[in-house]
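Here the structure is laid out as C-alpha cells; the discussion comes afterwards.
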Amino acid sequence: MSRNADLLSLIRGRAGTAPVRLGLILGSGLGHLANAVDGVAIPYSDLPGFPHAEVSGHNPNLVIGDLEGVRVAVFGGRAHYYEAGNPAAMRVPLEVLRDLGADTVIATNAAGSMRPDMPTGSIMCLTDHINFSGLNPLIGEPTDARFVPMKDAYDPAIRAALTAAAKAETVDMAQGIYAWYSGPSFETPAEIRAIRMLGADAVGMSTVPEVILSRFLGLRAAAISTITNMAAGMSDEAISHEHTKAMAPIGAAKLEKVLRRFLRDL
Ligand code: HPA
C-alpha cells in the first residue's frame, strides 16, 4: 500500500477515482491555468505532506479535472528550496501524482534569460539543466534508487510533441538549458556571466529538484520557462518579484496555447 494511502483516499473522495494522466506544476504568475480546469480544487492546507509555504503569485491548490479532454492534476503552487531549505518539499505531491495514475509531469516556471534572442515575454522549452545550487532532493534517500540517471531527463518525445504543438499554434518557443540557482536573492551579474559561460540559457529558482524527483519516481518530465526578465547585468530592466509577476502573463498566454494544443493532440 502506498505510504500516502490516506492522502489518496481523501483526494479520490473529493475528485473521483478516474486515473489522472498528467501533472502540471504552475510557476509564478501562471496560476490562472488552474481555473481553466473543469474539476475540483483541493487546498494544499487540506493535504497533509503538501507544502504549506506560500509565495505570492502562486495559488496553493491541487486541481484535478479535465483540460482539453485530458484528466490532469494541476499543482497551483510549488514549494521552493528557498522557502524552508528543503529541496525535497515537492516529493509528496509528486508521489501522489504518480499514485493517481499519471506517467508524465510538465513543470512551468518564470526565469531570467541569458540570451539576447530570448527577450522578456518569450518561452523556452528546457532541453537540459545545470544544477548550480549543488543541492539535491534525493540526499538522504536510503536505497540504490537514489542513483537516478539524468540523461534525457527532459523527455525527448514530450519535447518533440511540445515543439510540434508550438509550431501548430505559431508560437515561437525557444529551446535551451536552465540553471537552478537557489534564491531567494537574485543572481549577481558576475554569477550570470559565470553560468552563461557554463552553457546555461535561462536561470531560475525552481523546477530542477522537481525534475530530479520525477525521474526518481519514474515519471516522464518536461518543463517550459516563461522569460520574465533579462538576467542580472544583461539589460537595464528591473529585476524584482513584482516585475516577475507583472511580466509572467505575457509568456503565460503563449505557454497556455502550447499546453492546450499539446493536450488536445495527446
Ligand atoms: N533569476 C532567478 N529566478 C528568476 C529570474 C531571474 O532572473 N526571473 C524570474 N525568476
Side-chain angles (χ1 to χ4, degrees), residues 24-33 51 53-60 75-87 89-90 106-135 137 154 173-212 223-256:
L24 271 179
I25 303 175
L26 303 183
S28 293
L30 302 171
H32 82 281
L33 200 55
E54 287 178 31
V55 178
S56 65
H58 288 255
N59 169 14
F75 298 91
R78 61 153 51 92
H80 304 80
Y81 170 73
Y82 62 71
E83 288 168 68
N86 177 14
M90 288 298 283
I106 299 184
T108 63
N109 61 55
S113 169
M114 285 170 284
R115 267 191 7 214
D117 69 326
M118 210 165 64
T120 298
S122 336
I123 61 173
M124 181 189 94
C125 186
L126 277 64
T127 55
D128 204 344
H129 73 226
I130 297 174
N131 184 349
F132 197 61
S133 74
L135 300 159
Y154 297 83
M173 183 172 71
Q175 311 273 329
I177 295 171
Y178 174 93
W180 177 32
Y181 182 85
S182 79
S185 61
F186 284 98
E187 304 74 31
T188 65
E191 286 163 343
I192 292 301
R193 280 195 299 277
I195 52 179
R196 268 179 92 180
M197 268 189 262
L198 292 175
D201 300 295
V203 59
M205 304 177 190
S206 68
T207 301
V208 167
E210 295 151 17
V211 169
I212 295 171
I224 302 180
S225 295
T226 62
I227 301 300
T228 54
N229 56 278
M230 293 308 290
M234 294 206 48
S235 83
D236 294 334
E237 196 179 12
I239 299 182
S240 68
H241 189 56
E242 286 313 308
H243 185 79
T244 296
K245 286 189 292 183
M247 293 300 142
I250 307 174
K254 298 178 187 172
L255 181 52
E256 181 168 343

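This chain uses plain numbering: 1 for the first residue, then up along the sequence. In listed order, ligands and their atoms are each counted from 1.
Protein residues having a heavy atom under 4.0 Å from any atom of ligand 1 are Ala110, Ala111, Gly112, Phe186, Glu187, Val203, Gly204, Met205, Thr228, Asn229, Thr244, listed by chain and number.
Contact between Met230 and Ser235 at its shortest, heavy atoms only, is CB-OG, 3.7 Å. Shown here for Arg115 and Gln175, the closest heavy-atom pair between the two residues is NH1-O, 3.1 Å.
In the model, Thr120 has no side-chain atom that pairs as donor or acceptor with a side-chain atom of Asn229 under 3.5 Å.
Residues Phe132 and Val208 have side chains not in contact (no heavy-atom distance under 4.5 Å, counting atoms from C-beta outward). Proximity of Met124 to Tyr178: side-chain heavy atoms (C-beta onward) are separated by under 4.5 Å at one or more points.
Ser225 places no side-chain N or O within donor-acceptor distance of the main-chain N or O of Ala110, the cut-off being under 3.5 Å.
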